[in-house]
Amino acid sequence: MLDKALFELPGIKRILIALAVFAAFEALVILGLAWGLSSAVTNLWLGHPTTEQLLWIVLFFLSFVGIQIVRYAKDKMLDTYAFERADELRQDLMHSIFSRGSSLVQEQGSGTTTTLLLEGIEQVEIYLRLVLSKMVRLFVIPFFLLIPIFILDWVSGIIMLLIFPFVILYMVILGRFAGEKATKQHKEFKRLANHFVDTLRGIDTLKFFGLSKKQGDSIYAVSERYRGATIKTLRVAILSSSVLDLFATLSVAAVAIMLGLRLLDESIILFPALTVLILAPEYFKTIREFAADFHASLDGKNSLASIQKILLKTEESEDASVDALLNDSRHLLWSESSELAVNDLSYLYDEFEAVSKVSFAVLGPVKVGIIGASGAGKSSLIHLLGGFSLASEGSICINNTELTGANREEWQQQLAYLPQNPYIFHATLSENISFYHPGATEEEVLQAAQVVGLQDLIDELPEGLNTKIGEGARPLSGGQAQRVALARICLDKKRSVLLFDEPTAHLDIETELELKQKMLPLMQDKLVLFATHRLHWMHDMDLIIVLDEGRIVESGTLEELQKSSSTFASFVSKLGGGAA
């Protein structure tokens, strides 16, 4: 039941010490309760007045209230700790999923990954609430109660002392056997979750080929195996819990019978016998509590083991890449002598190959125009180059260093990205412009706004740069939103790579041409990757890449492409004009 991995959790030593203190105090209060009740009953039995028992009755009630307070405080502390650890595990697991991406999902299965993230974390939280308290109480409370029991009646003390190790031994044997059953059940559950999710995602294809009935029978067979494994696990858990409970009941009965016989032959008096009889159920109560939640603890233990296995593998992979990242991060810095090489890059989107075997290379500050009809793969290629999506095949290399999940952040810190519909936050105009550069002064923000032509907007706003814009506040037109996005780029001059994903697609031609005059100066001495279907931008590009159905069908300068009777010429013809 107790996983060694528990001792590696943050703050576990502090919690175990606190639980031990709570358990010791609970044992002391239980002793006070038994002592007060036994004293009052014994004195009344001996004929003493009821008024003289007031002190013992008060001790009994104070002890009873004390037990409730101790248990409440302990549960409150344990609930907080379990919630915090579960939340940390959830965040770590999410980090692993985003860090390792498809490799983790392929390794574990999408169904298992989802189940661990949702149900598994909750099972771990329940496991922590149950196992920590019950295991500490299982050893602390009997130890503290056994001392007064030996003082009051050494015979009962010996009986309890001899019985307890046998129960613990049985629990160890039971734990191993039940653990094997629970592990098999957990494996069958993972298989069922993966099988069900995969079938659900491919249900249309299965129906198209007439295989849905056959796949339904397969799901039924897997679910039956899981049901069988669950029944076996429950059978062991319920039987084991019943046997442990029976052991505790028989143990208390054995103590009670011995006390009764010795009271008859007057070898023990009423007070110690009654006190021991009250303490005996509390002595074995920890075993009953352990047995009651045995199966729930096994579920949490298996979930914790699966999650920590994923986290350990993620940590190892990240540690292995740290040295390479430190050595390669300087190679990712873009400069005038840097090279970007794209090698056989492919990207699948919903089983559709949005980018297919794309290869090209550029050197130093250069402006690359990426053109093609709608759906040609321009946006997908920009997302891949920015590290926003992961390629299914191929590689992106910066200065002969491959861009991976480990160093993607180093690359993205040099990027400035302008999408078709830049997001305007519900904040002031100044905060929107400086969102990615919060340390900018008001003067720098104003200067950036003026460079991109936002001065007229600032003059119109009631509070100038401090006017709230965005959702629920002052709305902006498409052109104004694009200017705000450009101001963000202009403000952060450290960005040496610019990615434009059809930034003027939804603007009228007059607004676009006006913005163009503001955008071109920002592109100087930078690597620019500009995806668009507006051909007038091609006059300002150093290299043009023509995409069709995710593939590069042609590339070169504008002059080279205009001279050939090519795909580019066909594309220009479809748009109804030249590149001018």
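The analysis underlying the following values was restricted to heavy atoms, covering all of them including side chains, and did not include hydrogens, waters or symmetry mates. Everything quoted here is computed from the prediction, not taken from an experiment.
In plain terms, the two heavy atoms of Leu491 and Ala440 that are nearest each other are CD2-CB, 3.7 Å. Heavy atoms only, all atoms of each residue included: Trp334 and Ser496 are closest at CB-OG, 3.6 Å. Nearest heavy atoms, Ser392 versus Leu348: OG-N, 3.6 Å. Contact record, Val445 with Ser434: CG2-CB, 4.0 Å, taken as the closest heavy-atom pair. Shown here for Ala449 and Ile458, the closest heavy-atom pair between the two residues is CB-CD1, 3.8 Å. Across all their heavy atoms, Pro10 and Glu88 have their closest contact at CG-OE1, 4.0 Å.
Within the model, atoms CD1 of Ile398 and CH2 of Trp411 stand 4.5 Å from one another, a figure rounded to the nearest 0.5 Å. Taken from CD1 in Ile544 to NE2 in His539, the straight-line distance is 9.0 Å, to the nearest 0.5 Å. Taken to the nearest 0.5 Å, the CZ atom of Arg474 stands 12.0 Å off from the CD1 atom of Ile424. The CG atom of Leu429 lies 6.0 Å from the CG atom of Leu457; values are rounded to the nearest 0.5 Å. Leu498 contributes atom CG, which lies 9.0 Å from atom CG of Leu415 (distance to the nearest 0.5 angstrom). To the nearest 0.5 Å, the span separating OG1 on Thr504 from CD on Gln420 amounts to 9.5 Å.
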With a cut-off of 3.5 Å and sequence neighbours excluded, list every side-chain donor-acceptor pair involving residues 380-390.
from: His383; atom 1: NE2; to: Tyr417; atom 2: OH; distance (Å): 3.3

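Ile545 is listed as a side-chain neighbour of Phe360, based on a closest heavy-atom distance under 4.5 Å. Contact check for Thr532 versus Met538: side-chain heavy atoms found under the 4.5 Å cut-off. Within the 4.5 Å cutoff, the side chain of Leu418 has no heavy atoms near those of the Leu499 side chain. Between Cys397 and Asn343, the closest side-chain pair of non-hydrogen atoms falls below 4.5 Å. Counting heavy atoms from C-beta outward, Pro503 and Met519 have side chains that approach closer than 4.5 Å. Between Leu128 and Arg85 the shortest side-chain heavy-atom distance falls below 4.5 Å. Lys518 has its side chain out of reach of Val451: every pair of non-hydrogen atoms, C-beta onward, lies at least 4.5 Å apart. Counting only heavy atoms from C-beta outward, the side chains of Leu527 and Val366 approach each other to under 4.5 Å.
Salt bridge Lys516/Asp540: present, at least one basic N to carboxylate O contact under 4.0 Å. Ion pairing between Arg483 and Glu514 holds under the 4.0 Å rule for side-chain N and carboxylate O.
Counted within 6.0 Å of CD on Glu549, heavy atoms from surrounding residues, nucleotides or ligands total 12 or fewer; the atom is thus considered open. No more than 12 heavy-atom neighbours from other residues, nucleotides or ligands sit within 6.0 angstrom of CG on Asn400. Atom CZ of Phe425 is surrounded by more than 12 heavy atoms from other residues, nucleotides or ligands within 6.0 Å. Shown here is Glu336, whose CD atom has no more than 12 heavy atoms of other residues, nucleotides or ligands within 6.0 Å. Sparse packing is recorded around CD of Gln447, with 12 or fewer heavy atoms of other residues, nucleotides or ligands lying under 6.0 Å away. Gln68 CD: more than 12 foreign heavy atoms inside a 6.0 Å radius.
Every residue two or more places apart in sequence or in another chain was checked for a ring-ring contact (aromatic ring centres under 6.0 Å, His included) with Phe22, and none qualifies. Scored by the side chain to side chain contact (heavy atoms under 4.5 Å, CB included) test, Gln450 finds Leu446, Gln455 as partners (sequence neighbours excluded). Legend: residues meeting salt bridge (Lys or Arg N to Asp or Glu O under 4.0 Å) with Asp87, ordered by chain and number and at least two apart, are Arg90.
Here the side chain of Gln482 pairs no donor or acceptor atom with the backbone of Leu515 at under 3.5 angstrom. No donor-acceptor distance shorter than 3.5 angstrom exists from the side chain of Glu402 to the backbone of Ile396, with no hydrogens or angles considered. Panel note: side chain Arg495, backbone Ile489; no donor-acceptor pair is recorded below 3.5 Å. Panel note: side chain Glu560, backbone Thr557; a donor-acceptor pair is recorded below 3.5 Å. With Thr441 contributing its side chain and Glu444 its backbone, the two residues share a donor-acceptor pair below 3.5 Å. Distance alone, capped at 3.5 Å, is enough to place a donor-acceptor pair between the Gln480 side chain and the Ser477 backbone. Thr467 contributes a side-chain N or O that, together with a main-chain N or O of Gly464, makes up a donor-acceptor pair within less than 3.5 Å. A donor-acceptor contact shorter than 3.5 Å is absent between the side chain of Arg488 and the backbone of Phe435. A donor-acceptor distance shorter than 3.5 angstrom exists from the side chain of Asp508 to the backbone of Glu510, with no hydrogens or angles considered.
Among pairs with a residue in residues 467-497, none fulfils ring pair (Phe, Tyr, Trp, His ring centres under 6.0 Å), at least two apart in sequence or across chains. Applying the side-chain hydrogen bond (donor to acceptor under 3.5 Å, both in side chains) test to every pair with at least one member in residues 355-373, sequence neighbours left out, gives these pairs: Asp344-Ser359, Glu353-Ser356, Ser356-Arg551, Lys357-Glu393.
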Exercise. Please report the C-alpha distance between Ser379 and Asp501 in whole Å, then the side-chain angles of each, then the deciding distance to 0.1 Å, and finally whether the side-chain hydrogen bond (donor to acceptor under 3.5 Å, both in side chains) criterion is met.
Key: CA-CA 6 Å; Ser379 295; Asp501 182 14; 2.8 Å; yes

Self-check item: Criterion side chain to side chain contact (heavy atoms under 4.5 Å, CB included) on Leu132 and Tyr81, from CA distance to verdict
Solution: CA-CA 11 Å; Leu132 294 177; Tyr81 179 78; 4.0 Å; yes

Quiz prompt | Full working for side chain to side chain contact (heavy atoms under 4.5 Å, CB included) between Leu558 and Leu561 | solution = CA-CA 5 Å; Leu558 178 61; Leu561 294 178; 5.5 Å; no

Quiz item: Where do Val368 and Asp542 land on the side chain to side chain contact (heavy atoms under 4.5 Å, CB included) test, with the steps shown first?
Solution: CA-CA 6 Å; Val368 181; Asp542 302 309; over 6 Å; no

Exercise. List the steps, then state whether salt bridge (Lys or Arg N to Asp or Glu O under 4.0 Å) holds for Lys76 with Asp79.
Key: CA-CA 5 Å; Lys76 189 73 174 177; Asp79 287 349; over 6 Å; no

Quiz item: When you look at Ile370 and Phe530, which way does the side chain to side chain contact (heavy atoms under 4.5 Å, CB included) test go after all the steps?
Solution: CA-CA 6 Å; Ile370 303 171; Phe530 198 110; over 6 Å; no

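A donor atom on one side chain and an acceptor atom on the other are not found under 3.5 Å apart for Lys378 and His533.
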